[in-house]
Number of protein chains: 2
Amino acid sequence: MTQAAQAHDLKLTKNQHLVLSVLESSRQPLSAYSILDRLRGHGLKAPLQVYRALEKLLEAGRVHRLESMNAFVVCCHSRHGQIHPRITAFEICESCGKVNEFHDEKVESALIQHARSSGFKIRASAIEVHGLCADCH
Amino acid sequence: MTQAAQAHDLKLTKNQHLVLSVLESSRQPLSAYSILDRLRGHGLKAPLQVYRALEKLLEAGRVHRLESMNAFVVCCHSRHGQIHPRITAFEICESCGKVNEFHDEKVESALIQHARSSGFKIRASAIEVHGLCADCH
DNA sequence: AATGGAAAGTTATGTAATAACATTATTGAA
DNA sequence: TTCAATAATGTTATTACATAACTTTCCATT
Ligand SMILES: [Zn+2]
Ligand SMILES: [Zn+2]
Ligand SMILES: [Zn+2]
Ligand SMILES: [Zn+2]
């Protein structure tokens, strides 16, 4: 991700703002189509309008995609303009749907060390743990 | 996963055997539909035939699903009947498509430790690292 | 042979994502 | 300001991924 893409003061377009607002007001990850459903009242009609906004929000580091759910969540650093840690992981509650984004130095160094030892060059990662959150068990 | 499900001498049905054979003979992960395409000559016609076989093979621990690719790979322990490690991770080459399944004690303990500290109870995990393998960079 | 459960077959449908192309809005020189 | 380049939108259609619902076949056990 470029430094420019990390600048959170970048102005969002109308559709990008709409999509981000829906994600911010949700306590669970949302699929592109359920985002669309919530925005039909605001003039959005086609999946592509949502997918294009999501693409930009992903590039800007303001949302994350959960690969194992085909769903999207707002990044917990989205509002602060800080540098985003490299390796991101998620704990996803199968009961209440809550997602905990976290950045664990040990997870990161273990993956980096393994990659180094196997000659693998990391470009991206998806680390998603499913189970029950503290409230739900 | 039950102990029974780990018993690799369990007899596979015709469709399960066909699907597993296709995955074993592929050097890359395959989507359900591309598995189906390779099995049309053997009488398979519908996606469900493949998905049902995959479901059983997943339960039996003989294949893994790559969440970030909507694709499936044969488990590297598939032939040996050994107990499968709890936490599995994958390095996926974006150039040649090769997948390296690995089990890293440090990754595992870091995730378990984080879950403990946040009160999260792990049931399943998807750890998928994308990049370039040693041969490709 | 009768029976019950697992697997397989079949058709239809639901969900996720992108292709292709036309239009409008923004930006940034000349 | 004017105009060309770029970015964003709108729209329709299509492709890719996955499951629902129901029927039939297979096979082991009684
Ligand atoms: Zn984040
Ligand atoms: Zn919960
Ligand atoms: Zn495995
Ligand atoms: Zn490679």
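Just so it is clear: chains get the letters A, B, ... in the order the sequence lines come, proteins before strands, and each one is counted from 1.
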Could you tell me how far apart [X] ([atom1]) and [N] ([atom2]) are, to the nearest whole angstrom?
X	N	atom1	atom2	value
A/Leu66	C/dA16	CG	C1'	15 Å
B/Leu48	C/dT13	CG	C1'	12 Å
A/Leu36	D/dT9	CG	C1'	14 Å
A/Arg52	C/dT23	CZ	C1'	11 Å
A/Met69	C/dA16	CE	P	11 Å
A/Lys45	D/dT11	NZ	P	5 Å
A/Asn15	D/dT11	CG	P	11 Å
A/Gln16	D/dA8	CD	P	6 Å

Nearest to the [X] side chain among [options], which nucleotide is it?
X	options	value
A/Lys14	C/dA8, D/dG10, C/dT10	D/dG10
B/Arg65	D/dA18, C/dA17, C/dG9	D/dA18
B/Gln49	D/dT11, C/dG9, C/dT10	C/dG9
A/Ala46	D/dC17, C/dA17, D/dT11	D/dT11
A/Lys56	D/dA8, D/dA21, C/dA20	D/dA8

* To do: Using the closest heavy atom to pick a nucleotide of DNA chain C for each, name whichever of B/Pro47 or A/Pro47 lands nearer the 5' end.
  =>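 Closest to the 5' end, via its nearest nucleotide, is B/Pro47.
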* To do: Quick one: closest heavy-atom pair of B/Cys96 and B/Gln28, and the distance?
  =>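 Where B/Cys96 meets B/Gln28 most closely, the heavy atoms are O-NE2, 3.1 Å.
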* What distance separates B/Leu18 CG from B/Gln49 CD, expressed to the nearest 0.5 Å? ->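 One gets 10.0 Å once the value is rounded to the nearest 0.5 Å.
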* Asked: Is any NZ, NE, NH1 or NH2 atom of the basic residue among B/Arg123 and A/Glu94 found under 4.0 Å from an Asp or Glu carboxylate oxygen of the other?
  ->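 Yes, charged N to carboxylate O under 4.0 Å.
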* Side chains of B/Thr88 and B/His103: donor-acceptor distance under 3.5 Å anywhere? ->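 Checked: B/Thr88/B/His103 side chains pair up, N/O donor to acceptor below 3.5 Å.
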* Would you say A/Ile122 and B/Leu132 make side-chain contact, with heavy atoms under 4.5 Å? ->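 Not in contact.
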Strictly below 4.0 Å: does [X] bring a side-chain N or O up to OP1 or OP2 of [N]?
X	N	answer
B/Tyr51	D/dT19	no
A/Thr13	D/dT9	yes
A/Asn70	C/dT15	no

* Asked: Listed by chain and number, what are the salt bridge (Lys or Arg N to Asp or Glu O under 4.0 Å) partners of B/Arg65, not counting sequence neighbours?
  ->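 By the salt bridge (Lys or Arg N to Asp or Glu O under 4.0 Å) rule, B/Arg65 matches B/Glu67.
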* Is the distance between the ring centroids of B/His64 and B/His77 less than 6.0 Å? ->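 Ring centres of B/His77 and B/His64 not closer than 6.0 Å.
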* Where along residues 17-35 of chain B does a heavy atom come under 4.0 Å from DNA chain C, residue by residue in number order? ->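 Nothing qualifies; none.
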